[in-house]
Amino acid sequence: MTETSLSSPTVTRFDGKVAVITGGSRGIGKAVADKLIKGGAKVVIGDILEQEGQATVDDFNKNAGSKVASFIRTDVTKYTDNKALFQHAESEFGGVDIAVLNAGIVSNCDTLFSPLDDDLEEKIFNINAIGVIKGAKVALLHMAKRGGGSIVCTASLAGLYCLPFFNAYNATKHALVGFVRSCQHLPDICNVRINAVCPGYVETDLLKNLVDADPSLAISICNPRVPLEYVVDGNIMFLSDTTKNAKILMVLPDGPQFSETPELPGSMISEASEKSTREYAKTVVPDGKEKLAKALQNYKNEYH
Ligand SMILES: NC(=O)c1ccc[n+]([C@@H]2O[C@H](COP(=O)([O-])OP(=O)(O)OC[C@H]3O[C@@H](n4cnc5c(N)ncnc54)[C@H](O)[C@@H]3O)[C@@H](O)[C@H]2O)c1
């Protein structure tokens, strides 16, 4: 683990940039939206909470005195909704440069002895993990078309450590960390960076609703809280520091700290494996560019 300072080479102006934020009707997503708008960006919020989402963008627009934000009902588990979200950003504000893939739930996080119910089991994975992957894939197409962009996923400290009794939640957030760490070559393929913030406990509705639903959980989450602004600062650092890709930032009560990817154990490495890794490194970017060109063409064909 290495410590970091968020005052590293960051620019906090986002003039001319357009951001899509999932789960931005309230909580962390809303706070990131506010900071981006104050930095000059236009923001599109996609969330299932329609009234709260609309009220949030109405406030942003009123405070700015012009149209700086728009809301569209979005269920991140659906490709149709993810596509409509990014297309809405394009039609409202001209394109997408930033995606903050933040929607998430914690309900039904303790599933070991819950009913053997497919929908119940899949819901948290569909929102927290697969919803982010779907959002990232759609974001990539829009950003590649525009010449580049930056994606930040809201994972959690539960993606690196295991909160007791939160087995399904831990698994979804570990999945996000794995997804982000696997994207080392993305900037060379399409000039898009993807990183993840991993906050500890932040006082939002998510925590409150969890304890309201099951007061016995309060005892398992009595650790020190992380100020909301630290999580916002982590997002802003990733969005403005163009040297960062496939990085994981823990956001802790005393500040941010990068979590480094563990080294592959020595016994996994041989001369032959090193040779094949070098060969793979030569092909991964041209192969990725070819696959991206096909994906872009398919996406374009869908709408013509
Ligand atoms: N609060 C914490 O302690 C904490 C800690 C670490 C990580 N996180 C993560 O931060 C993110 C934001 O959480 P928050 O604390 O702001 O909670 P929150 O409940 O205030 O915000 C989550 C938002 O996601 C939205 N959402 C849920 N399901 C959705 C779906 N299917 N489609 C679209 N939107 C959906 C909700 O409506 C809500 O607006 C989550 O991914 C959460 O797991 C939170």
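Atoms within a ligand are numbered from 1 in the order they appear, just like the ligands themselves. Heavy-atom basis, side chains included; hydrogens, waters and symmetry copies ignored. Computed from a predicted model, the values in this text were never measured in an experiment.
Under a 4.0 Å heavy-atom criterion, C198 is not in contact with ligand 1. The shortest separation from a heavy atom of L49 to ligand 1 is under 4.0 Å, placing the residue in contact. For the ligand labelled ligand 1, residue A155 lies inside the 4.0 Å heavy-atom shell. Under a 4.0 Å heavy-atom criterion, K173 is in contact with ligand 1.
Here the shortest heavy-atom distance to atom 22 (C) of ligand 1, taken over G159, G104, G27, belongs to G104.
Considering both main-chain and side-chain atoms, N102 comes within under 3.5 Å of ligand 1 through a nitrogen or oxygen pair.
Rounding to the nearest 0.5 Å gives a distance of 11.5 Å between CG of N209 and CD1 of I105. Here K123 contributes atom NZ and N108 contributes atom CG; the two are 8.5 Å apart, rounded to the nearest 0.5 Å.
A 6.0 Å sphere centred on NZ of K17 holds no more than 12 heavy atoms belonging to other residues, nucleotides or ligands. For CG of L264, the number of neighbouring non-hydrogen atoms (other residues, nucleotides, ligands) closer than 6.0 Å is greater than 12. Within 6.0 Å of atom OH in Y79, more than 12 heavy atoms from other residues, nucleotides or ligands are found, so the atom counts as buried in its surroundings. For NZ of K134, the number of neighbouring non-hydrogen atoms (other residues, nucleotides, ligands) closer than 6.0 Å is greater than 12.
Protein heavy atom in closest approach to atom 34 (N) of ligand 1: A103 CB, 3.5 Å. Scanning the protein for heavy atoms near atom 20 (O) of ligand 1, the closest one is R26 NE, 3.0 Å. The nearest protein atom to atom 33 (C) of ligand 1, hydrogens excluded, is given as T74 O, 3.1 Å; this is a heavy-atom distance. Protein heavy atom closest to atom 15 (O) of ligand 1, with residue, atom name and distance, is T204 OG1, 2.6 Å. V202 N, 2.8 Å is the protein heavy atom nearest to atom 3 (O) of ligand 1. With hydrogens left out, the protein atom closest to atom 36 (C) of ligand 1 is D47 OD1, 3.5 Å, a heavy atom. What sits closest to atom 43 (O) of ligand 1 on the protein, heavy atoms only, is Y169 OH, 2.7 Å. Counting protein heavy atoms only, atom 9 (C) of ligand 1 is closest to T154 CG2, 3.6 Å.
Side-chain contact, D110 with N167: a donor N or O sits under 3.5 Å from an acceptor N or O. Using modelled atom types and a 3.5 Å distance limit, the side chains of N301 and Q297 yield a donor-acceptor pair.
Inter-residue side-chain proximity for M143 and V96 is flagged as met; some heavy-atom pair is nearer than 4.5 Å. Under the 4.5 Å side-chain criterion, counting only non-hydrogen atoms from C-beta, S240 is in contact with F14.
Taking the six-membered ring for Trp and thresholds of 30 and 60 degrees, F86 and H142 have ring planes inclined between 30 and 60 degrees apart.
Under 4.0 angstrom from ligand 1, the non-hydrogen atoms of I48 come from both its backbone and its side chain. Both the backbone and the side chain of V76 come within contact range of ligand 1, each with a heavy atom under 4.0 Å. Under 4.0 angstrom from ligand 1, there are no non-hydrogen atoms of N128.
For ligand 1, the atoms closer than 4.0 angstrom to any heavy atom of I127 are 28 (N), 31 (N). Against a heavy-atom cut-off of under 4.0 Å, D75 is close to the following atoms of ligand 1: 30 (C), 31 (N), 32 (N). For ligand 1, the atoms sitting less than 4.0 Å from at least one non-hydrogen atom of I105 are 27 (C), 28 (N), numbered in the order shown with element in parentheses. Interface of G200 with ligand 1, defined as ligand atoms under 4.0 Å from a residue heavy atom, comprises 3 (O), 5 (C), 6 (C). Here is the list of ligand 1 atoms found below 4.0 Å of a heavy atom in Y201: 3 (O).
Considering all non-hydrogen atoms of both residues, G24 and I45 come closest at O-CD1, 3.3 Å.
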Evaluate N298 against E302 for side-chain hydrogen bond (donor to acceptor under 3.5 Å, both in side chains), listing each step before the verdict. CA-CA 6 Å; N298 290 340; E302 258 188 67; over 6 Å; no
